[in-house]
**Q** 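Take a look at the following structure, please.
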Amino acid sequence: MGSPCKCIPVPCQIAVLTGIITVLTLISSTAEAVDSFWYQDLCSYKWEAIDDDNKVRYSLKLCDSSPETACGTGSAVCAYDLTSKTSQSVGDQSQLKASPSVLDFRGPQKCPSSTNNVQSSISFQCGKTMGTPEFVTVSECVHYFEWRTYVACKKDMFKPHKEVPCYVFDEDGKKHDLNPLIKLTDGYLVDDSDDESSLYINVCRSIYTSASLGQPCPEGSAACLVTSKGNFSVGRPVKELQLQPSSTDRLILSYDGVADQKPDFCGEHTPAVSITFICPSQRQQGSNPKMTANTNCRYEIEWVTEYACHRDYLESHNCTLTSEQHDISIDLRHLTLGRTELPYHAVAKGSDGRDGYVYYLNVCGETSADDCKDSAGYVSACQAKEGGTGAGKIAGRYKNQTLRYSDGDLTLIYPGGSTCSSGFQRMTIINFECNKTAEALRPVALTRFSGSSTLQNWEAVDGNAQDGKRFYINVCHKILQQGATAGCPEDAAICAVGKDKTLSLGKFLSPPRMDENNIRLTYTEGDECRSHNRIQTIVTLICRPGDLESAPVMKSVSSDGCVYEFEWYVAAACVLSKTEGDNCKVEDPLAGFSFDLSPLTKQDVPYNVSSGEYKYFLNVCGGVTTAKCPDKAGACQVDNSGHSWSLGQFNSRLSYYDGMIQLTYQNGSKYNNEQHTQRSTLISFLCDREAGAGKPEYQVEDTYTYNFKWYTSYACPERPQECVVTDPNTLEQYDLSSLARSERNGGKNWLAMDVSDPNNLRKYYINVCRPINAVTGCDRRTSVCEMKYVPQEGGMAEAVSISNMGVAMKGPTIEQKGRLLLEYTGGSTCVSDERTTTYTTLIHLVCLKGAVSGPRFIMSQNCTATSCGTQTRLVQSQALKMMRRRAPSKTPTPGLSTTCFPYKMKMATRLKEMGRLSW
């Protein structure tokens, strides 16, 4: 019957396996007493809802003070027909009839089919956020709406200090809803480069501070800066969520500071926060909010999340998601149980380990377990007292269910449960996680998993070959169950694989800790090792600058087999550092990353960005060559009349920290203010491997500084690639990491020469398991680059012939005993036999004791080159042969984990880059 879902990368905050279900029971209620202003928090905004079937867009004005609708003064509910482009009031403000949970508005016109007037009825139920009105149906000229909102709850249970509407409709009538991102306590930690402070934000709502943030954030703050000197508000929610102009996939949320309550460090500037939510172009793992600019107490944040996509892309109201509509194919009908089958069930214990509940479930179908039924039917979730008697409580119905896939989370929501003694209405949420190897369905909660066909687990080197076992490790994640590890326990983060069985050496249950200058990962709760004891593993990660390839090394195992210890020398354990570089280049020597933005420099026509009445011309590390702009300007602003201002003189000095490259131009044209402040420009370059060169995007002018951001593949770091392989039959291990060239071992690439034609010499720069060290003109991602020689005054000079002959996407493989293969794919375009494809490089390494030479070129024909040689840099020396051929296909690029630390550590490291996810 096949897997019910397609594996997609998912983040690691919560987890449940496919066929493994975790249940949350949520509650909603209605208000008790009629109060004409019980809904007053909703009065400041105009609300919208849409009838997709009939193409009618509704705008709601709940109070006299609310913004007017398109139907004019007095209309409370205005229906706009998207087809005929006409508006009609279907409820007047003066004809309001209010009850504890319903607002009814009678319209001015008679219903064509009766003597009654047209009406609108809004039914309110308790929700955790301000929520949104949802159109339900039209029946007998009554337009029905439902609204889950905190204003309908008892005792202000979920009432915040301040919240603003958190949804928008785009020009196509598609709804974008960020309500699922709103947090009731604390906020999201923004990824930034400031070691002295931490910025927390909430979405559309003020932050309610728990003990985890120490002292509380200032009341009403939706953006809170946590420092050693206290917590400061840098923004409050005032404006509702907005759609970015001329965009359907970007949303803008702005928080404003209070001028008379601004922090001292802001000086004369009033703090402000702008958050851009971006719907990704294709399905991907969720990411954390990231700081893109921070000048003059103005914070620019960007957040790539599928919740920013329109809701029709994320949700369905049946049990399937389709590739055509949702860009993913999921069918949960395989999990639906028949009437005669026993239901799924899960047990939730009380905090004391006793007095729990049993939840009986079906997936997209009915269950009558524990006599959970009533006349309404459609019961899919039942809550019963463990060991108790009597009928259970209905915890949700599959009628009006919602199936949602967003940021890697697959969620099934059952509303409409029975009411408990407190007056709340039950709701059940089921989270699913994809696991291709799951055979049985059982309700258990586990840490987050993601599977991949292109990334592999890290394999440890074991000099003692302990009991014929091979050791596989993941970092801050469970083992990827593929290949040799397919039989490992599902929740193991480190696994020993023997000939006859596998052994869990521990689970990822606690975050990494600093141990002096090293990082210690402790995996606990492995398989049983002796009576009432379980295996634990200690992995010590030690900083080795520039090393992205070395494998973890097995150091010891205790005599009783209960404690395993590994050491891992790797750049990911080095402290994050802020670095600067000239000539449009910057590197992080500790991480082994280098960046070159010089290919973005334009020699003729500059980059052009329009915003409002201005045009902005920019260059990267160079001047703007247009007659409209002042001399030496790296960026300039031109108005409609042709007047121009320099936004800063160009330079080529870059700064880098944790994935973001920045270029600042200063000393531009002066403002007409009292201080005659000179204008400046800040360009933030962010990684997008699919963007190519990309283009600049104007953000905002923030008190003398013009902010731009730029998604480009040139800002993407190298991917760590393990350079170890184990023969599964003999357990002999081959470690090529010492052949990888980086700054830590001199930074010189391997060289091979083609001297077969003295008039057409060719030179090859080669690296092992990683990109070559920077060579002018060579693609920075390539692991092999071909050079030619061209005449130059006084002799011959090198010039790039083929900039990219293949990228290291995976580690070595074994061809036969003593013979390895490295395959680099996705190189430059290659045309042969009237076929257009890309280069792939094959490097064959053959064990030859005592061999000392490097790679040697042999031949070249069409798109194929061959070279061979010898090398003694390994534990056993190798001969090296290289062949270049056409690539059959493009290798997909996997994602990386970004969730290794659940909180911000001041000794921040790159350990997150070692986590393996699935694709």
**Q** Supply the atom-to-atom distance Leu410 CG to Arg404 CZ, rounded to the nearest 0.5 angstrom.
**A**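 That separation rounds to 10.5 Å.
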**Q** Evaluate the side-chain proximity of Asn362 to Pro343: yes if any heavy-atom separation is below 4.5 Å, no if none is.
**A**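 Contact flag for Pro343/Asn362 side chains = no.
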**Q** Contact between Leu521 and Ile473 at the side-chain level, heavy atoms closer than 4.5 Å - yes or no?
**A**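 No, too far: nothing below the 4.5 Å cut-off.
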**Q** Could you state the interatomic distance from CD1 (Ile843) to CG (Asn767), rounded to the nearest 0.5 Å?
**A** 9.0 Å
**Q** Just wondering, do Arg544 and Val570 contact through their side chains at under 4.5 Å, heavy atoms?
**A** no
**Q** Between Leu332 and Phe432, is there a side-chain heavy-atom distance shorter than 4.5 Å?
**A**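 Answer yes - side chains close enough.
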**Q** Given Leu184 and Lys128, is the side chain to side chain contact (heavy atoms under 4.5 Å, CB included) satisfied, shown in steps?
**A** CA-CA 8 Å; Leu184 299 187; Lys128 292 187 174 182; 3.5 Å; yes
**Q** Do Glu567 and Thr540 meet the criterion of a side-chain donor-acceptor pair at a distance under 3.5 Å?
**A**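 Distance-only check fails for Glu567 and Thr540.
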**Q** Return the minimal non-hydrogen interatomic distance between Thr428 and Ala381, and the atom names on each side.
**A** OG1-CB, 3.5 Å
**Q** Does a side-chain heavy-atom distance below 4.5 Å link Leu736 with Val725?
**A** no
**Q** Tyr824: which residues meet the ring-ring contact (aromatic ring centres under 6.0 Å, His included) condition with it, sequence neighbours left out?
**A** none
**Q** Mind checking the OH-OG1 spacing from Tyr523 to Thr537? Nearest 0.5 Å is all I need.
**A** 9.0 Å
**Q** Tell me, do Leu403 and Thr411 make a side-chain contact under 4.5 Å, heavy atoms counted?
**A** no
**Q** With a 3.5 Å distance limit and no angle check, can you tell me whether Tyr734 reaches the backbone of Gly818 through a side-chain donor-acceptor pair?
**A**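 Side chain of Tyr734 to backbone of Gly818, a donor-acceptor pair under 3.5 Å: yes, one is there.
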**Q** Please determine whether side chain to side chain contact (heavy atoms under 4.5 Å, CB included) holds for the pair Lys817 and Ile814, giving the CA-CA distance in whole Å, both sets of side-chain angles, and the decisive distance to 0.1 Å.
**A** CA-CA 7 Å; Lys817 182 177 176 62; Ile814 297 176; over 6 Å; no
**Q** Do the charged groups of Lys478 and Asp491 touch, with an N to O distance under 4.0 Å?
**A** no
**Q** Keeping the roles fixed (side chain from Tyr344, backbone from Leu335), state whether a donor-acceptor pair exists under 3.5 Å.
**A**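 Checked: pair present.
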**Q** Please step through side chain to side chain contact (heavy atoms under 4.5 Å, CB included) for the pair Val768 and Cys723, ending with a clear verdict.
**A** CA-CA 8 Å; Val768 175; Cys723 217; 3.9 Å; yes
**Q** Looking at every heavy atom in both Gly811 and Leu822, which two are closest together, and how far apart are they?
**A**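 Shortest heavy-atom contact: C-CD2, 4.0 Å.
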**Q** Side-chain contact, heavy-atom cut-off 4.5 Å: Lys393 with Cys372?
**A**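 No, too far: nothing below the 4.5 Å cut-off.
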**Q** What orientation do Tyr564 and Phe566 show, parallel under 30°, tilted 30 to 60°, or perpendicular over 60°?
**A**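 Rings of Tyr564 and Phe566: parallel, under 30°.
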**Q** Mind telling me whether Trp458 and Trp568 have parallel, tilted or perpendicular rings, with 30° and 60° as the class edges?
**A**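 Perpendicular, since the angle between the ring planes exceeds 60°.
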**Q** Checking the side chain of Ser504 only, and the main-chain atoms of Cys495 only, is there a donor and an acceptor separated by less than 3.5 Å?
**A** no
**Q** Hey, are the side chains of Ile430 and Tyr414 touching, using non-hydrogen atoms and a 4.5 Å cut-off?
**A** yes
**Q** In Å and rounded to the nearest 0.5 Å, what is the OG1 to CD1 distance from Thr522 to Ile538?
**A** 5.0 Å
**Q** What pairs with Asp500 under salt bridge (charged side-chain N to carboxylate O under 4.0 Å, His left out), at least two apart in sequence or on another chain?
**A** none
**Q** Side chain to side chain contact (heavy atoms under 4.5 Å, CB included) between Val539 and Arg520: does it pass, once the steps are laid out?
**A** CA-CA 6 Å; Val539 184; Arg520 173 168 290 195; over 6 Å; no
**Q** Indicate the atoms forming the closest heavy-atom contact of Arg426 with Ile394, along with that distance.
**A** CD-O, 3.4 Å
